[in-house]
> 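Mind looking over this structure? Questions follow.
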Amino acid sequence: LWPWLLASSGLSALVQLVTLPFFPDSPSYLLIQKGNEEACRKAIRKLWGEGDHQAEIDDIMKEKGAMASTKTLRVLEVIKERSLRWQLYILMTVMTTLQLCGINAIYFYSFEVFHTAKFEEYLIPYVSLGVGLCECLSSILCSTLIDRFGRKVLLWGGYTLMCSVLALLTMTLSLQHRFFWMHYLSVILIFLFVVFFGIGP
């Protein structure tokens with residue numbers, strides 16, 4: 001079954017490959033990058049229907065003017081630029097914490113935790129698939145929550161809940177040989193960790 005599951009991702013790639021030529025180009029790309037206003041108007045009509053779309057074209061022209069006045073910086077220039085220092089620190093912190101948050105360890109050890117929890121051998125791959133599906137659904141949920149609460153709240157909340165879950169998971173894994181129900185609690189915590197990862201970071 002696993003070869004078929006892995007091969008199924010090629011189906012979506014094939015659908016994209018076949019349908020992509022029929023999608024219109026981005027109006028902003030056509031106007032800003034290509035400088036083709038007529039093609040831009042045609043793409044806008046194709047996307048939004050007939051009508052007066054001059055306001056949208058004016059917005060794209062303003063964006064083009066703003067981009068023309070913005071200097072493109074090289075990597076060393078970005079590092080040396082004092083006005084960008086805090087943004088660079090924030091970006092580096094977010095990316096570092098994302099790599100060190102523990103999600104890879106959860107995925108790596110989840111099979112062993114499921115095995116210790118006395119799941120049948122043939123069920124463990126499906127439970128692992130459920131963990132991946134859980135992350136996918138929580139990422140979709142995040143896209144609806146981010147407009148309401150903002151990125152900062154989701155990041156702080158996600159990392160706080162993930163830390164709490166990891167602390168509890170450490171405790172349940174340490175006590176799993178004393179209490180039989182700790183195995184099942186560990187499984188629940190793994191699912192919760194993945195949900196909080198999808199919603200937050």
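Hydrogens, waters and symmetry mates are skipped; everything else that's a heavy atom, side chains included, is used.
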> What's the spacing between Q16 CD and F23 CZ if we round to 0.5 Å?
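Answer for the CD-CZ pair, Q16 versus F23, is 8.5 Å.
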
> Residues in side chain to side chain contact (heavy atoms under 4.5 Å, CB included) with L133, at least two apart?
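For L133 the side chain to side chain contact (heavy atoms under 4.5 Å, CB included) partners, ignoring immediate neighbours, are L137.
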
> May I ask you to test the V131-E135 pair for a side-chain heavy-atom distance under 4.5 Å?
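V131 does not reach E135 side chain to side chain.
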
> How many angstroms lie between CG in L189 and OH in Y184, if you round to the nearest 0.5 Å?
15.0 Å

> Rounded to the nearest 0.5 Å, what separation is found between the OG atom of S28 and the NZ atom of K64?
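So the gap between those two atoms works out to 11.5 Å.
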
> For the pair I60 and I32, evaluate side chain to side chain contact (heavy atoms under 4.5 Å, CB included) and give the outcome as yes or no after the intermediate values.
CA-CA 7 Å; I60 297 171; I32 295 171; 3.9 Å; yes

> Which residues satisfy the ring-ring contact (aromatic ring centres under 6.0 Å, His included) test with W156, sequence neighbours excluded?
none

> Just do the side chain to side chain contact (heavy atoms under 4.5 Å, CB included) check on F197 and L98 with the steps written out, would you?
CA-CA 9 Å; F197 174 79; L98 186 62; 3.8 Å; yes

> Shared ILVMFWY cluster between F111 and Y109, side chains joined below 4.5 angstrom?
no

> Linking I/L/V/M/F/W/Y whenever any side-chain heavy atoms sit under 4.5 Å apart, do V75 and L84 land together?
yes

> Just verifying a value: how many Å separate D147 CG and R151 CZ, rounded to the nearest 0.5 Å?
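Rounded to the nearest 0.5 Å, the CG-CZ separation comes to 12.0 Å.
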
> Does the side chain of L145 come within less than 4.5 Å of V153's, by heavy atoms?
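Answer no - side chains too far apart.
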
> Any pair with a residue in residues 78-88 that passes side chain to side chain donor-acceptor pair (under 3.5 Å), sequence neighbours left out, goes on the list, sorted by first then second residue, please.
E81-S83

> Test of understanding: clusters of I, L, V, M, F, W, Y form through side-chain heavy atoms closer than 4.5 Å, transitively. Do I44 and Y29 belong to the same one?
no

> Linking directly or through intermediates, with side-chain heavy atoms under 4.5 Å: list the remaining ILVMFWY members grouped with Y122, chain and number order.
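Listed partners: L123.
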
> Report the C-alpha separation of H115 and E121 in whole Å, then their side-chain angles, then the decisive distance to 0.1 Å, and conclude whether the side chain to side chain contact (heavy atoms under 4.5 Å, CB included) test is met.
CA-CA 7 Å; H115 185 74; E121 202 68 44; 3.3 Å; yes

> Is there a donor-acceptor pair under 3.5 Å between the side chain of E77 and the backbone N or O of R74?
yes

> Salt-bridged, E37 to R41, with N to O below 4.0 Å?
yes

> May I ask you to decide if F114's main-chain N or O and H183's side chain share a donor-acceptor pair within less than 3.5 Å?
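Such a contact is absent between H183 side chain and F114 backbone.
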
> Looking only at heavy atoms, what is the nearest atom pair of Y159 and V94, with distance?
OH-O, 4.0 Å

> Please report the closest heavy-atom contact between C40 and L31, naming both atoms and the distance.
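The pair with the smallest heavy-atom distance is SG-CB, 3.9 Å.
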
> Between SG of C134 and CG of L129, what distance do you get to the nearest 0.5 Å?
11.5 Å

> So, do E56 and P27 sit near enough that their side-chain heavy atoms are less than 4.5 Å apart?
no

> Please examine the side chains of I199 and L154, heavy atoms only from C-beta on, and report whether any two atoms are closer than 4.5 Å.
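Side chain of L154 against side chain of I199, heavy atoms only: contact under 4.5 Å found.
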
> Can you sort out the partners of L161 under side chain to side chain contact (heavy atoms under 4.5 Å, CB included), two or more places apart, ordered by chain and number?
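For L161, the residues satisfying side chain to side chain contact (heavy atoms under 4.5 Å, CB included) (neighbours in sequence not counted) are F196.
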
> Quick one: list whatever passes ring-ring contact (aromatic ring centres under 6.0 Å, His included) with F108, sequence neighbours left out.
none

> Is there a path of hydrophobic side-chain contacts, each under 4.5 Å between heavy atoms of I, L, V, M, F, W or Y residues, that connects I57 with L30?
no

> Before you tell me yes or no, could you show the steps for Y107 and V194 under side chain to side chain contact (heavy atoms under 4.5 Å, CB included), namely the whole-Å CA-CA distance, both residues' side-chain angles and the distance that decides it to 0.1 Å?
CA-CA 9 Å; Y107 278 127; V194 170; 4.1 Å; yes

> Return yes if some donor-acceptor pair links the side-chain N/O of S12 with the main-chain N/O of S8 below 3.5 Å, else return no.
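Absent.
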
> State, to 0.1 Å, how close G198 and S138 come at their nearest heavy-atom pair, and which atoms those are.
CA-OG, 3.3 Å

> Is the closest side-chain heavy-atom distance between L175 and W181 below 4.5 Å?
no

> Quick one: CG on L169 to CZ on F193, what's the gap to the nearest 0.5 Å?
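These two atoms lie 8.5 Å from each other.
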
> With hydrophobic residues grouped by side-chain heavy-atom distances under 4.5 Å, do M95 and I90 end up in a single group?
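Yes, M95 connects to I90 through the hydrophobic network.
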
> What are the two closest non-hydrogen atoms of L173 and S186, and how far apart are they?
CD2-OG, 3.9 Å

